[in-house]
Amino acid sequence: KAGVTQTPRYLIKTRGQQVTLSCSPISGHRSVSWYQQTPGQGLQFLFEYFSETQRNKGNFPGRFSGRQFSNSRSEMNVSTLELGDSALYLCASSSGTANTIYFGEGSWLTVV
Amino acid sequence: GIQVEQSPPDLILQEGANSTLRCNFSDSVNNLQWFHQNPWGQLINLFYIPSGTKQNGRLSATTVATERYSLLYISSSQTTDSGVYFCAVEPNGNDMRFGAGTRLTVKP
């Protein structure tokens, strides 16, 4: 059974640009959540989608958005990139609430 | 919001030694998981343990939900155990709150 797949793994963007990250969950999992990891702030929850609906949202500005498709694949978008958006972005999937969540390998974003 | 505190923040061991990592949380939770973050950044599931005790090889974990803490035990540590260990709790929904982690270094 394939794990959580994130693309791209590494990317470099310039301030002001936007970026889209993709996440394919484990087959059968309908919940996809996104996290940002930085040395200063640690691991922080961005948002969670279940059956194409955003169920939870963390404390991030509106520049961070996401969506989920009918096949449960999810994308997150960051617009007007800032240097502080440089981070490891992790996607996780689970079959539902209060179940084990599984993480992908992450997408390393560098903003220059 | 819920607070998650892990201790110690750093731990250095000699190969073969045992260790205990602690996670305290400030409110009741639906879910608690322990993860090991590998050098490439991926979070590897160790245990899903909202309550009770589980064992997997040299690793075991115990969560006492009524007292709001969880412990991760590593026995006979190996150099490959090095890395950062995270405790994460889910107060509601799939909104996992992570502790700051324990950085473990196992020396040969």
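- For the pair A:L88 and B:Q37, the tightest heavy-atom approach, listed with the atom from each and the gap, is CD2-NE2, 3.9 Å.
- Annotation: side chain of A:Q37 is in contact with side chain of B:F86 (closest heavy-atom distance under 4.5 Å).
- Separation of atoms CZ (B:R97) and CZ (A:F45) is listed at 8.0 Å; rounding is to 0.5 Å.
- Here the shortest heavy-atom pairing between A:I101 and B:Q33 reads N-OE1, 2.8 Å.
- The nearest pair of heavy atoms linking A:W108 to B:W40 is NE1-O, 3.6 Å.
- Minimum heavy-atom separation, B:Y48 to A:N99: CE1-C, 3.8 Å.
- Counting non-hydrogen atoms of neighbouring residues, nucleotides and ligands closer than 6.0 angstrom, the CG atom of A:N71 exceeds 12 such neighbours.
- Criterion: ILVMFWY side-chain heavy atoms under 4.5 Å apart, direct or through other members. Under it, B:L59 and B:V84 are not part of a common hydrophobic cluster.
- B:E90 CD to A:S33 OG: the interatomic distance, rounded to the nearest 0.5 Å, is 9.0 Å.
- Contacts of B:F47 with chain A are absent, with no heavy-atom separation under 4.5 Å from either backbone or side chain.
- The local environment of CZ in B:R22 is crowded, with over 12 non-hydrogen atoms from other residues, nucleotides or ligands closer than 6.0 Å.
- Follow the hydrophobic side-chain contacts under 4.5 Å out from A:F47 and you never reach B:I2; the two are in separate clusters.
- Using a distance-only test at 3.5 Å, with no hydrogens or angles considered, no donor-acceptor pair links the side chain of A:Y35 to the main chain of B:F98.
- If you take CD on A:E105 and CG on B:L43, they are separated by 11.5 Å, rounding to the nearest 0.5 Å.
- Around CZ of A:R9, the count of heavy atoms belonging to other residues, nucleotides or ligands within 6.0 Å exceeds 12.
- Interface residue A:L90: only side-chain heavy atoms are found under 4.5 Å from chain B.
- Cluster annotation: A:V78 is not connected to A:V112 through the hydrophobic network of ILVMFWY side chains, with a link wherever side-chain heavy atoms come within less than 4.5 Å.
- Interface remark: A:Q6 contributes no atoms to any contact with chain B (heavy atom separation under 4.5 Å).
- Using a 4.5 Å heavy-atom threshold, the side chains of B:D95 and A:E48 count as separate.
- By the rule that hydrophobic residues join a cluster once side-chain heavy atoms approach within less than 4.5 Å of another member, B:F25 and B:L46 end up as members of one cluster.
- Heavy-atom contacts from other residues, nucleotides or ligands closer than 6.0 Å to NZ of B:K107 number 12 or fewer.
- No other option in B:I44, B:V29, B:N45 has as many heavy-atom pairs under 4.5 Å with chain A as B:N45.
- Linking ILVMFWY side-chain heavy atoms closer than 4.5 Å, directly or via other members, places A:F64 and A:L109 in a single hydrophobic cluster.
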